[in-house]
Amino acid sequence: MSFDTPKALSDIAIQRLAERVETAQRYATPIHKLTEDYPDLTVAEGYRVQTALRRSLEGRGQRVIGWKAGLTSKPKMAQMGVSTPAIGFLTDAMERPANSAISVSDLIHPRVEAEIAFVTKTELSGKVTAADVMAATDYVQPALEVIDSRFSGFKFDLESVIADNSSSARYVPGGRMIRPDALDLRTVGVVMEHNGQIAQIGAGAEVLGHPAEAIAMLVGVLDDIGETLPAGSFVMAGAITAAIPVKAGDTITARFYEMGSITVTFTD
């Protein structure tokens, strides 16, 4: 994907869209998808909005600690008509510890996904391979992501989702920190329990055949928007299982084969 296209939207329009998204996130107030007002919004402009949002949050004192990939299953990518994942940034304010209670009062459509996270030891930039990603990884560990679409009626499109930071809301690292070559990430099985009942089952191969492939694609998208992946980044490779909707009173436990488990509860 190349974003070397003329800017159709002015910087002022991009900034206003970023403010609209940030207000929706901060006050848990649904908005209609951005393409209803800007039907010609492109993926490249979606990333311009996302970047403006990131700069605003950094200006408010949040620190970007990493990134996440979305649309990392091939059927979902085909459905959305894209060949690369959507990506989003992660800040320290989004992190929640394992075994904690996460409030849903400041979320709109909270859903939980099980993922494998990579923590890098060297910078990654440009177009890289899964082998490059594995070589640059210090360790991998389980993670849960709480995604939250801010759009009314749970209606969205790719451009609006990207502008909304790919639905990023909360993330929960946990389990064991393991060297990336200590087990075959393709065969890591995951069982998601919702209030004690098995709700989803999957394996690492659900993520583009190997989770490192998703990280390589993410680095490529970063390159397209003029960014790199710094050493020490926390990066989530995308959902192994389908997302589970949650509400106050729910408990989610994700069990990762040979990597431990993560439990979170949800409150008002």
Side-chain angles (χ1 to χ4, degrees), residues 9-31 34 45-70 86-113 115 117-125 138 141 143-151 160-174 177 215 218-219 221-223 225-237 262 264-268:
L9 290 182
S10 69
D11 290 341
I12 292 176
I14 292 294
Q15 188 61 42
R16 287 174 177 167
L17 286 175
E19 290 170 357
R20 184 187 301 184
V21 169
E22 185 174 356
T23 298
Q25 294 181 4
R26 184 181 304 171
Y27 298 105
T29 303
I31 56 176
L34 304 186
E45 289 165 341
Y47 279 116
R48 287 177 63 202
V49 175
Q50 185 187 117
T51 298
L53 173 66
R54 173 160 50 100
R55 300 303 184 212
S56 177
L57 295 180
E58 288 176 323
R60 296 178 186 277
Q62 294 190 34
R63 181 171 57 90
V64 174
I65 60 85
W67 296 80
K68 49 75 74 82
I87 70 171
F89 62 87
L90 304 172
T91 75
D92 54 348
M94 300 176 187
E95 183 175 358
R96 297 293 184 272
N99 302 311
S100 64
I102 296 177
S103 172
V104 296
S105 63
D106 52 355
L107 301 172
I108 301 170
H109 302 115
R111 294 169 180 251
V112 184
E113 299 173 343
E115 310 195 17
F118 291 64
V119 176
T120 60
K121 60 184 178 182
T122 56
E123 182 185 59
L124 285 165
S125 61
D138 189 13
Q141 70 178 121
L144 291 178
E145 182 180 13
V146 182
I147 56 175
D148 186 31
S149 172
R150 266 65 66 154
F151 298 115
S160 298
V161 167
I162 289 171
D164 187 32
N165 195 24
S166 294
S167 304
S168 304
R170 308 284 182 266
Y171 63 92
V172 185
M177 300 174 183
I215 306 301
L218 180 147
V219 175
V221 175
L222 285 176
D223 182 61
I225 64 174
E227 302 280 354
T228 64
L229 185 66
S233 294
F234 177 88
V235 195
M236 294 191 296
I262 307 173
V264 292
T265 57
F266 293 87
T267 63
D268 289 329

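Any value given below was found using the heavy atoms of this structure, including those in side chains, with hydrogens, waters and symmetry copies removed. Predicted model, so just to flag it, every value in this text is computed and none were measured.
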*Please assess Val172 against Val112 for the test side-chain contact (heavy atoms from CB on, under 4.5 Å), listing each intermediate value before the final yes or no.*
CA-CA 10 Å; Val172 185; Val112 184; over 6 Å; no
_Separation between CD1 of Ile31 and CZ of Arg150, rounded to the nearest 0.5 Å_ = 8.5 Å
*asked:* Within this structure, what is the CZ-CG distance for the pair Phe118 and Leu229, rounded to the nearest 0.5 Å?
replied: 11.5 Å
*Considering all heavy atoms of both residues, which atom of His109 and which atom of Ser149 are nearest to each other, and what is their separation?*
ND1-O, 2.9 Å
*Those residues that, when tested against Thr51, pass side-chain hydrogen bond (donor to acceptor under 3.5 Å, both in side chains) (two or more places apart)*: none
_Residues in side-chain hydrogen bond (donor to acceptor under 3.5 Å, both in side chains) contact with Ser160, at least two apart in sequence or another chain_ = Asp157
*Atom OG of Ser56 and atom CD of Glu19: how far apart are they, to the nearest 0.5 Å?*
7.5 Å
*asked:* I'd like to know if the side chain of Asp148 and the backbone of Ser167 have a donor-acceptor N/O pair within less than 3.5 Å.
replied: no
*asked:* Please check this pair: side chain of Gln50 against backbone of Ile87, looking for a donor-acceptor N/O pair closer than 3.5 Å.
replied: yes
*First locate atom CD1 of Ile215, then atom CG of Leu124, and finally report the distance between them rounded to the nearest 0.5 Å.*
9.5 Å
*Would you name the heavy atoms of Tyr171 and Asp92 that are closest together and state the gap between them?*
OH-CA, 4.1 Å
*Do any N or O atoms from the side chain of Glu123 and from the backbone of Thr228 form a donor-acceptor pair under 3.5 angstrom?*
no
*Smallest separation among heavy atoms of Gly88 and Ser166, with atom names*: N-OG, 4.0 Å
*CZ of Phe151 to CD1 of Ile108: how many Å apart, nearest 0.5 Å?*
9.5 Å
*Of all the heavy-atom pairs spanning Ile14 and Ala52, show the shortest one and how long it is.*
CG2-CB, 4.2 Å
*Expected output: side-chain Asn165 to main-chain Phe89 donor-acceptor under 3.5 Å*: yes
*asked:* Could you check whether any side-chain heavy atom of Thr91 comes within less than 4.5 Å of a side-chain heavy atom of Met94, counting everything from C-beta outward?
replied: yes
_Rounded at 0.5 Å granularity, tell me how far CD1 in Ile262 sits from CG in Leu144._
4.5 Å
*Is a side-chain N or O of Gln141 found less than 3.5 angstrom from the main chain of Gly174, in a donor-acceptor match?*
yes
*asked:* Apply side-chain contact (heavy atoms from CB on, under 4.5 Å) to residues Glu45 and Leu17 and explain how you reach the verdict.
replied: CA-CA 10 Å; Glu45 289 165 341; Leu17 286 175; over 6 Å; no
*For Ala237 and Ala69, work out which heavy atoms get closest and say how close.*
O-CB, 3.8 Å
*More than 12 non-hydrogen atoms from neighbouring residues, nucleotides or ligands closer than 6.0 Å to CZ on Arg96, yes or no?*
yes
*So, do Val49 and Leu9 sit near enough that their side-chain heavy atoms are less than 4.5 Å apart?*
no
*Is the backbone of Leu222 close enough, under 3.5 Å, to the side chain of Tyr47 for a donor and an acceptor to pair up by distance?*
no
*Between Asp11 and Arg48, does a side-chain contact (heavy atoms from CB on, under 4.5 Å) hold up when you go through it step by step?*
CA-CA 9 Å; Asp11 290 341; Arg48 287 177 63 202; 2.8 Å; yes
*Indicate the atoms forming the closest heavy-atom contact of Ser105 with Ser103, along with that distance.*
OG-OG, 2.8 Å
*Is Thr120 reaching over with its side chain to a backbone N or O of Gly232, donor-acceptor style, under 3.5 angstrom?*
yes
*Report yes or no: does Ser168 contribute a side-chain atom to a donor-acceptor pair with the main-chain N or O of Leu90 at less than 3.5 Å?*
no
_Can you list everything that forms a salt bridge (Lys or Arg N to Asp or Glu O under 4.0 Å) with Arg20? Sequence neighbours excluded, please._
Asp37
*Beyond-backbone contact of Lys68 with Ile147, side-chain heavy atoms, under 4.5 angstrom*: yes
*Quick one: side-chain hydrogen bond (donor to acceptor under 3.5 Å, both in side chains) partners of Asp106, sequence neighbours excluded?*
Arg170
_side-chain hydrogen bond (donor to acceptor under 3.5 Å, both in side chains) partners for Thr122, two or more places apart_ = none
*What pairs meet the salt bridge (Lys or Arg N to Asp or Glu O under 4.0 Å) rule with one or both residues in residues 53-67, with sequence neighbours excluded?*
Glu22-Arg60, Arg54-Glu227, Arg55-Glu58, Arg55-Glu227
